[in-house]
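In what follows, a structure is listed as structure tokens, so that the remarks can point back to it.
Position 1 is the first residue of the sequence; numbering continues from there. If you're wondering where the values come from, they're calculated on a predicted model, not measured in any experiment.
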Amino acid sequence: QRPRVLGRYFLSELWGVTHNYKKPEDFFKPKAETPEMLRGTALHLLCQERLKKLGYEVEPKREVSIGGVTIVGRADAVKDTREHGLEIKTSGKWEIMYKAKPWAIFQAKCEAALFEIPVFYVVQPILTIDGRFILKAIGEAERDDIWFTKGCEKVEAFHQKVLQLNVHA
């Protein structure tokens, strides 16, 4: 579990912040891990090992300071040519997804802007009946720096509420 630092926001939580699912008073509460999350982590590691062999950088980290906050992001994978990135999504119920959820597209769009890459594809790892392992594209998001900046402004407003609550004291 990553410790919370006042003023630092993880890209993976921006949907919750910008769509009012995450509350300022919950900023320092730890996130509970579920068996589904652990299974998803294991699938990510499997994918990333294979992606390294195909010329991807896995788990690159990038930070950007905007106003009084720092946005911290870790992409699942970025092609070494920087032509695209991958956001890996798994299903807790082992279901095949036919379309990425809105928050997955949102995260991919944030990653495209943060990592300055033209497009991020949302992919799902699938083990086929004949034993092949594939990444199925279920969505994509193009880079949009203006949209990302507007989202970061919402994070700044959220941060001001966290400061007003003085929950870090």
(message) So that I can tick it off, tell me whether E13 and R4 are bridged by a salt bridge, with the cut-off set at under 4.0 angstrom between side-chain N and carboxylate O.
(response) yes

(message) One pair to check against side-chain contact (heavy atoms from CB on, under 4.5 Å): K22 and F158. What are the steps and the verdict?
(response) CA-CA 9 Å; K22 189 167 187 74; F158 178 91; 4.1 Å; yes

(request) Following the transitive rule for hydrophobic clusters with a side-chain heavy-atom cut-off under 4.5 Å over Ile, Leu, Val, Met, Phe, Trp and Tyr, establish whether L6 and I66 coincide in one cluster. (result) yes

(request) Indicate if V119 and L11 have the same hydrophobic cluster label, given that clusters are the connected sets of ILVMFWY residues with side-chain heavy-atom separations under 4.5 angstrom. (result) no

(request) Decide yes or no for D76 and H44: does some side-chain heavy atom of the first lie under 4.5 Å from some side-chain heavy atom of the second? (result) yes

(request) State plainly whether the residues E111 and K109 are in salt-bridge range, i.e. N to O under 4.0 Å. (result) no

(message) I'd like to know whether CG of L54 has more than 12 heavy-atom contacts from other residues, nucleotides or ligands below 6.0 angstrom.
(response) yes

(message) Determine whether E116 and R62 satisfy the following criterion, salt bridge (charged side-chain N to carboxylate O under 4.0 Å, His left out), listing intermediate values before the conclusion.
(response) CA-CA 10 Å; E116 300 176 333; R62 182 110 195 257; 3.7 Å; yes

(message) I'd like to know if R143 and D145 make a salt bridge, using a cut-off of under 4.0 Å between side-chain N and carboxylate O.
(response) yes

(request) For the residue pair Y9 and H159, categorise the inter-ring angle as parallel (less than 30°), tilted (30 to 60°) or perpendicular (more than 60°). (result) perpendicular

(message) Salt bridge or not between D26 and K29? Use side-chain N to carboxylate O under 4.0 Å.
(response) yes

(message) Is any side-chain heavy atom of Q107 closer than 4.5 Å to one of W15?
(response) no

(request) Check the pair V64, V72 against side-chain contact (heavy atoms from CB on, under 4.5 Å), reporting the backbone distance first and the verdict last. (result) CA-CA 7 Å; V64 63; V72 181; over 6 Å; no

(request) Inspect the surroundings of NZ in K136 and state if more than 12 heavy atoms from other residues, nucleotides or ligands are less than 6.0 Å away. (result) yes

(message) For a quick test of reading the model, state the closest non-hydrogen atom pair linking I71 to C152 and the distance between them.
(response) CG1-SG, 3.9 Å

(request) Could you tell me which non-hydrogen atom of A77 sits nearest to which non-hydrogen atom of Y56, and how far apart they are? (result) CB-CD2, 3.9 Å

(request) Provide the closest heavy-atom pair for P60 versus V78 in the form atom of the first, atom of the second, distance. (result) CG-CG2, 3.7 Å

(message) Let me confirm one number: the NZ-CG distance from K61 to L114, rounded to the nearest 0.5 Å.
(response) 11.0 Å

(message) Closer than 3.5 angstrom, by distance alone: can the side chain of Q124 be matched with the main-chain N or O of E95 as a donor-acceptor pair?
(response) yes

(message) Assigning hydrophobic clusters by single linkage (Ile, Leu, Val, Met, Phe, Trp, Tyr; side-chain heavy-atom cutoff under 4.5 Å), is F27 placed with V69?
(response) yes

(request) For the pair E87 and K89, evaluate salt bridge (charged side-chain N to carboxylate O under 4.0 Å, His left out) and give the outcome as yes or no after the intermediate values. (result) CA-CA 6 Å; E87 173 57 31; K89 291 297 178 195; 3.0 Å; yes

(message) A side-chain contact here means heavy atoms from C-beta on lying under 4.5 Å apart; do V155 and E153 qualify?
(response) no

(message) I'd like to know if V123 and I126 are part of one continuous hydrophobic network [Ile/Leu/Val/Met/Phe/Trp/Tyr, side-chain heavy atoms within less than 4.5 Å].
(response) no

(message) Distance check, rounded to the nearest 0.5 Å: E25 atom CD versus L165 atom CG?
(response) 6.0 Å

(request) Could you go through the side-chain contact (heavy atoms from CB on, under 4.5 Å) check for H84 and L86 one step at a time? (result) CA-CA 7 Å; H84 69 268; L86 301 176; 4.1 Å; yes

(message) Checking F115 now: which residues fulfil ring pair (Phe, Tyr, Trp, His ring centres under 6.0 Å) with it, not counting sequence neighbours?
(response) none

(message) Tell me the closest heavy-atom pair linking P125 and F133, and the distance in Å.
(response) CB-CZ, 3.7 Å

(message) Running the 4.5 Å side-chain criterion over Ile, Leu, Val, Met, Phe, Trp and Tyr, what cluster does I105 land in, apart from itself?
(response) M97, V122, I138

(message) Nearest 0.5 Å, please: how far is CZ in R50 from CG in L45?
(response) 13.0 Å

(request) Measure across C47 and I88 and return the closest heavy-atom pair with its distance rounded to 0.1 Å. (result) CB-CD1, 3.7 Å

(request) Might you point out which heavy atoms bring G67 and E156 nearest each other, and give the distance in Å? (result) CA-OE1, 3.2 Å

(message) More than 12 heavy atoms of other residues, nucleotides or ligands under 6.0 Å from CD of E59: yes or no?
(response) yes

(request) Report yes or no: do L14 and F120 belong to one cluster of Ile/Leu/Val/Met/Phe/Trp/Tyr joined by side chain heavy-atom distances under 4.5 Å? (result) yes

(request) List the steps and the verdict of salt bridge (charged side-chain N to carboxylate O under 4.0 Å, His left out) for E63 and R8. (result) CA-CA 9 Å; E63 297 185 13; R8 292 175 64 84; 2.7 Å; yes

(message) Less than 6.0 angstrom separating the ring centers of W147 and F106, yes or no?
(response) yes

